[in-house]
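Okay, so here's the structure we're looking at.
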Amino acid sequence: MAMRAAILRHIRLPARAQTLAAAAAAAAPRSWDRSPLGGSRAMSSHGDDHLAKEEVAERVLSVVKSFPKVDPATVTPDVHFQNDLGLDSLDNVEIVMALEEEFKLEIPDLEADKIDSCHLAIEYIYNHPMAG
């Protein structure tokens with residue numbers, strides 16, 4: 001116990017130094033303090049760079065058509081991966097992974113399990129704020 005107390009005495013920072021550092025950080029001007037919005041920072045919006053639904057649909061269909069076990073002629077926006085294309089659950093996972101790569105996003109497992117058709121994939125990706 002004495003050893004622990006001796007070590008802690010040597011590595012502790014003085015309380016005064018921490019207070020001065022915190023005060024200096026609080027007093028430093030921030031870029032959003034000078035904004036024309038009266039000290040509040042404007043938040044970014046994806047309204048300008050959000051993907052159009054037609055573009056999402058086109059890219060989703062392209063990913064599904066390029067899947068090796070799929071006949072491209074049978075792919076439509078309403079096609080179900082297992083019922084219409086005869087894919088199994090592992091194929092479904094691979095398609096979702098390919099969609100993640102295509103749109104540069106990560107789909108949580110709980111959501112990925114629900115995506116079993118082109119329609120659901122298009123809706124999910126279109127509504128995802130980080131899809132690119």
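These figures come from a predicted structure and were not determined experimentally.
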- Could you walk me through whether V79 and T76 pass the side-chain contact (heavy atoms from CB on, under 4.5 Å) test, one step at a time? CA-CA 5 Å; V79 73; T76 67; 3.8 Å; yes
- Shared hydrophobic cluster, L105 / I95 (ILVMFWY, side-chain heavy atoms < 4.5 Å): yes
- Item | Hydrophobic cluster membership, F67 vs L61, 4.5 Å side-chain cutoff | yes
- Item | Closest heavy-atom pair and its distance - L99, A121 | CD1-CB, 3.8 Å
- For E58, does the CD atom sit with more than 12 other heavy atoms under 6.0 Å from it, leaving out its own atoms? no
- salt bridge (charged side-chain N to carboxylate O under 4.0 Å, His left out) filter on E123, not counting sequence neighbours, yields K53
- How long is the gap from OH on Y124 to NE2 on H119, to the nearest 0.5 Å? 15.0 Å
With a 3.5 Å cut-off and sequence neighbours excluded, list the donor-acceptor pairs that the side chains of residues 80-87 form with protein atoms.
from	atom 1	to	atom 2	distance (Å)
H80	ND1	Q82	N	3.2
H80	ND1	N83	N	3.0
H80	NE2	D116	OD2	3.1
D84	OD2	H80	N	2.8

- For E106 and H128 the tightest heavy-atom approach is O-NE2, 4.2 Å
- Query: Of the non-hydrogen atoms in I122 and V56, which two are nearest, and what is the gap between them?
  - Reply: O-CG1, 3.7 Å
- Minimal non-hydrogen separation, A98 against V63, with atom names: CB-CG1, 3.7 Å
- Output all residues satisfying salt bridge (charged side-chain N to carboxylate O under 4.0 Å, His left out) with K114, sequence neighbours left out; order by chain, then residue number. E111
